[in-house]
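Down below is the structure, laid out as structure tokens.
Below, read A as the first sequence line, B as the second, and so on, with proteins coming before strands; counting in each chain starts at 1. Side-chain atoms are counted along with the backbone in the values below, which use heavy atoms only and exclude waters and symmetry mates.
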There are 2 protein chains.
Amino acid sequence: MKRDSRLSSVLHALLHMAEQNEPMTSEQLAACMCTNPVVVRRTMGLLRDAGLVTSERGPSGGWTIAADLEAVTLRDLHEALGEPSIFAIGNRNENPGCLVELAVNAALDGAFADAEALLLDRFAKVTLARLSADFNRRHAAHRARS
Amino acid sequence: MKRDSRLSSVLHALLHMAEQNEPMTSEQLAACMCTNPVVVRRTMGLLRDAGLVTSERGPSGGWTIAADLEAVTLRDLHEALGEPSIFAIGNRNENPGCLVELAVNAALDGAFADAEALLLDRFAKVTLARLSADFNRRHAAHRARS
DNA sequence: GCTTCATGTAACTTCGTTTATTACGATTTA
DNA sequence: TAAATCGTAATAAACGAAGTTACATGAAGC
Ligand code: FES
Ligand code: FES
């Protein structure tokens, strides 16, 4: 199955934007991430709907972070993206008609629910600020090496 | 996204087979699960490669469980199926060329790895015997009600 | 041996989802 | 008004899972 990589994408975009004082255009972000400006607008549009970024039209327009980096977590971003389903594995039939399926689904669903809860919990503990700091640490180390 | 439902499928098949003394044909299993005999063979073939079931050709042939129900766990089945990737969400670029991607991937990968570990751990704790018992319990309750 | 039943497997199609692309409209700045 | 930029709909491309078709292989029974 094709994986949804939008969470990864918006994180990229946000980290770039966090290093910048001016708005960044869809074009810039797209070039940087090897994708298409329209894709950037579509995805960032969801973050705008959630109040995490703002967009301005016209010359000198573009995308700007509108939230506190300390407050925004990966979980917030996941929710802003519409909480896409997390698993690539699932039940054959979600509304079972027979007892065999009921028993199987019960066993699998419990495990999946627990794993999802753990993942979302981990997401909730990572802020954009922490990610940005992590990036800057790596950046400094990289410059020191070269 | 289209989810991989093979784990769910083989569980269905195995529970049916556990209730049966004779081999079951691909045709029977397919009819029971509303799918195609060839799909059944493809999937069950992986379990056969793992030594969990056997297949016999010709008249009176079919599929038979070859392992101890107490010993086989969901994790064994997951492995027999080739350990398909569990998540429908992932990194945009698994082999990052820039430090932004490195930082993002590190954050996400850690969370995904932990969730995967938890899920596999849960899988390892569920045996076919337990599932079969669960089914029989439900079956008895169902008969008592009607 | 011949027929029948069943698996083994390759090739192809269908279907659903994600991402990319095209096209055009709306808004802002100069 | 011209240029830059987002907003959005419509469409195509790319991909993977499941389904389907077709035929080969092997076993059982006569
Ligand atoms: S995504 Fe911007 S440099 Fe890597
Ligand atoms: S009766 Fe539900 S799968 Fe067999």
Taken to the nearest 0.5 Å, the spacing of A:Gln28 CD from A:Gln20 CD works out to 6.5 Å
Taking only the side-chain nitrogens and oxygens of B:Ser5, find out if one of them lies under 4.0 Å from OP1 or OP2 of D:dA18.
-> yes
When rounded to whole Å, the CG to C1' distance for the pair B:Leu46 and D:dA17 reads 14 Å
How are the rings of B:Phe87 and B:Phe112 set relative to one another: parallel (under 30°), tilted (30 to 60°) or perpendicular (over 60°)?
-> tilted
Does any residue of residues 25-42 of chain B have a heavy atom under 4.0 Å from DNA chain C, and if so, which ones, in number order?
-> B:Thr25, B:Ser26, B:Val38, B:Arg41, B:Arg42
A:Lys2 has an atom NZ; how far is it from atom P of D:dA17, in whole Å?
-> 12 Å
Once you round it to whole Å, what is the distance between P of D:dA18 and CG of A:Asn91?
-> 13 Å
Do the charged groups of A:Arg130 and A:Asp134 touch, with an N to O distance under 4.0 Å?
-> no
Without hydrogens or angle criteria, can the side chains of B:Ser26 and B:Trp63 be said to hold a donor-acceptor pair below 3.5 Å?
-> yes
D:dG16 phosphate, OP1 or OP2, under 4.0 Å from B:Arg3 side-chain N/O | no
Between D:dA28 atom P and B:Glu56 atom CD, what is the distance in whole Å?
-> 7 Å
Per nearest nucleotide of DNA chain D, the residue lying toward the 5' end, A:Gly45 or A:Pro59, is A:Pro59
CD of B:Glu79: more than 12 outside heavy atoms within 6.0 angstrom?
-> yes
Residues A:Arg48 and A:Ser55: side-chain donor-acceptor under 3.5 angstrom = yes
